[in-house]
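Notes for the one structure printed next.
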Amino acid sequence: MKTNGFLIIIAGPSGAGKSTVRKEIIKNKSLNLVYSISSTTRAKRRGEVDGKDYNFVSKDEFLREVKNNEFLEYASYCDNYYGTNKSFVDKLRKQGKNVVLEIDCTGVFQVLKKFKKSEIITFFIVPPSLEELEKRIRGRLTETEATLRGRLKRAKEELKLTDKFDYVIVNDRPERAAKEISTIIKNALALRG
Ligand code: ADP
Ligand code: 5GP
């Protein structure tokens with residue numbers, strides 16, 4: 001029988017570069033990673049693809065899935081819901097894939113309660129500074145002034161939680177940060193054998 005894959009968690013404030021770094025890590029085929037596509041009620045951004053970046057669903061649909069216990073974890077983040085599909089993650093882990101969850105901190109704590117610590121590696125991505133974080137969110141051209149303020153407020157709260165994570169990674173350059181994470185995952189895979 002195959003050993004279940006790891007759960008690799010990537011968290012950190014909005015705009016820190018989680019998606020950018022995650023896409024870079026997943027390119028490394030030797031790590032056997034697969035991205036857990038979350039469901040969200042937030043509006044699709046320019047360039048995002050339904051079923052690839054997220055499963056974009058209505059609030060009614062999301063709440064129906066909550067009621068049916070379909071989420072491994074879920075959270076409300078800046079007026080929208082986000083959740084991890086339980087059966088998707090279970091199926092891939094059973095195939096031996098290491099599943100990458102890119103989720104907020106409240107979601108991370110829910111996941112940590114459900115699995116053995118030996119099954120999980122947690123990363124918290126930080127920007128070089130708060131000024132740079134704001135610059136990155138603005139540069140993405142996805143937010144209104146109001147949603148930007150909400151995300152920055154949430155960022156300050158999340159940045160107090162770094163000590164809850166196995167590794168804190170400064171995203172100065174995406175390729176460098178991705179390499180740091182990839183090396184950690186590679187070593188964890190080698191140790192498990
Ligand atoms: P998150 O997923 O954490 O919200 P994104 O990956 O969407 O963040 O990155 C936010 C913005 O910052 C994007 O426009 C992205 O291209 C840019 N970005 C990501 N990493 C860096 C970096 N190391 N230096 C400069 N810009 C970056
Ligand atoms: P964004 O709207 O920028 O894509 O995501 C906002 C926040 O929601 C980010 O912190 C992101 O990691 C988080 N997020 C995305 N998917 C999930 C999920 O399935 N569960 C939880 N708890 N958070 C998620």
Side-chain angles (χ1 to χ4, degrees), residues 7-27 35-57 61-62 65-66 70-89 99-114 120 122-144 146-159 161-162 164-165 168-181:
L7 277 173
I8 314 275
I9 299 189
I10 300 184
S14 175
K18 298 180 296 298
S19 303
T20 308
V21 171
R22 180 250 305 163
K23 285 175 188 160
E24 192 64 34
I25 301 162
I26 285 190
K27 284 186 199 159
Y35 172 52
S36 158
I37 302 159
S38 294
S39 294
T40 184
T41 60
R42 110 154 140 61
K44 191 158 51 142
R45 292 176 186 151
R46 185 196 295 266
E48 284 183 330
V49 178
D50 191 15
K52 183 165 177 262
D53 297 292
Y54 279 109
N55 296 312
F56 293 95
V57 297
E61 170 66 11
F62 193 96
E65 290 179 22
V66 170
E70 289 176 31
F71 291 120
L72 179 60
E73 61 72 38
Y74 73 95
S76 165
Y77 178 99
C78 294
D79 299 330
N80 282 299
Y81 288 112
Y82 297 80
T84 302
N85 185 292
K86 193 163 35 186
S87 61
F88 184 81
V89 170
V99 180
V100 179
L101 306 187
E102 196 186 308
I103 60 178
D104 86 321
C105 290
T106 62
V108 177
F109 302 137
Q110 294 171 51
V111 175
L112 285 173
K113 280 191 198 138
K114 291 189 182 171
I120 307 181
T122 60
F123 294 95
F124 191 90
I125 312 264
V126 292
S129 67
L130 269 178
E131 292 72 31
E132 173 66 15
L133 184 75
E134 179 167 345
K135 206 169 121 196
R136 286 184 190 173
I137 306 180
R138 284 190 188 281
R140 200 169 57 191
L141 302 174
T142 52
E143 307 305 318
T144 63
T147 62
L148 174 93
R149 291 285 144 222
R151 280 173 183 256
L152 285 176
K153 185 166 172 269
R154 183 86 176 212
K156 285 177 192 153
E157 289 160 14
E158 293 198 326
L159 283 163
L161 302 170
T162 52
K164 309 282 183 227
F165 288 78
V168 177
I169 310 288
V170 180
N171 176 19
D172 43 5
R173 285 186 299 113
E175 300 76 20
R176 195 213 58 77
K179 196 155 177 239
E180 191 180 345
I181 296 176

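Counting starts at 1 for both ligands and their atoms, in listed order. Quick note: numbers below take in every heavy atom, side chains included, and nothing from hydrogens, waters or symmetry partners. All residue numbers in this chain count up from 1 along the given sequence.
Among all protein heavy atoms, the one lying closest to atom 16 (O) of ligand 1 is T20 OG1, 4.1 Å. Scanning all protein heavy atoms for the shortest distance to atom 10 (C) of ligand 1 gives G15 O, 3.7 Å. Distance from atom 24 (N) of ligand 1 to its nearest protein heavy atom, with residue and atom name: R136 NH2, 3.2 Å. Here the heavy atom of the protein found nearest to atom 8 (O) of ligand 1 is G17 N, 3.1 Å.
Atoms of ligand 1 found under 4.0 Å from any heavy atom of S19, numbered from 1 in the order shown, are 2 (O), 6 (O). Against a heavy-atom cut-off of under 4.0 Å, A75 is close to the following atoms of ligand 2: 22 (N). Shown in contact with D172 at under 4.0 Å from a heavy atom are these atoms of ligand 1, numbered in order with element: 22 (C), 23 (N), 24 (N). Counting atoms of ligand 1 from 1 in the listed order, those under 4.0 Å from a heavy atom of S14 are 4 (O). In the vicinity of K18, heavy-atom distances shorter than 4.0 Å reach the ligand 1 atoms 1 (P), 2 (O), 3 (O), 4 (O), 6 (O), 8 (O). Residue R151 approaches ligand 2 through these ligand atoms, each under 4.0 Å from one of its heavy atoms: 1 (P), 2 (O), 3 (O), 6 (C). Counting atoms of ligand 1 from 1 in the listed order, those under 4.0 Å from a heavy atom of R173 are 23 (N).
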Next item on the list: Mind running salt bridge (charged side-chain N to carboxylate O under 4.0 Å, His left out) on E48 and R42 for me, showing each step along the way?
Entry: CA-CA 12 Å; E48 284 183 330; R42 110 154 140 61; 2.8 Å; yes

Item checked: Trace of the salt bridge (charged side-chain N to carboxylate O under 4.0 Å, His left out) decision for E132 with R136 -> CA-CA 6 Å; E132 173 66 15; R136 286 184 190 173; 2.7 Å; yes

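Considering both main-chain and side-chain atoms, T106 never comes within under 3.5 Å of ligand 2 through any nitrogen or oxygen pair. Where the criterion is an N or O separation shorter than 3.5 Å, residue side chain and backbone included, E132 fails it with respect to ligand 1. An N or O contact shorter than 3.5 Å links Y82 to ligand 2 by distance. For R140, no nitrogen or oxygen atom sits less than 3.5 Å from a nitrogen or oxygen atom of ligand 2, counting backbone and side chain alike.
Contacts between R22 and ligand 2, counted as non-hydrogen atom pairs separated by less than 4.0 Å, are absent for every part of the residue. With a 4.0 Å heavy-atom cut-off, ligand 2 is reached by the side chain of Y77 but not by its N, CA, C or O.
Cation-pi check for R22 over Y35 is met; the charged atom lies under 6.0 angstrom from the ring centroid and within 45 degrees of its normal.
The closest approach between a heavy atom of P174 and any atom of ligand 1 is below 4.0 Å. Ligand 2 does not have F71 within reach: every non-hydrogen atom of the residue lies 4.0 Å or more from it. Within the structure, ligand 2 lacks Q110 among the residues with a heavy atom less than 4.0 angstrom away. Ligand 1 does not have G139 within reach: every non-hydrogen atom of the residue lies 4.0 Å or more from it. The closest approach between P13 and ligand 1 falls below 4.0 Å for a heavy atom of the residue.
If you look at Y82 and F62, their ring centroids are not closer than 6.0 Å.
Remark: T84 OG1 to I9 CD1 distance equals 8.5 Å, nearest 0.5 Å. Rounded to the nearest 0.5 angstrom, I37 CD1 and L101 CG are separated by 12.0 Å.
For atom 22 (N) of ligand 2, the nearest non-hydrogen atom from the set E102, E48, R42, E73 belongs to E73.
Ring orientation note: the planes of F71 and Y74 are tilted relative to one another, at an angle of 30° to 60°.
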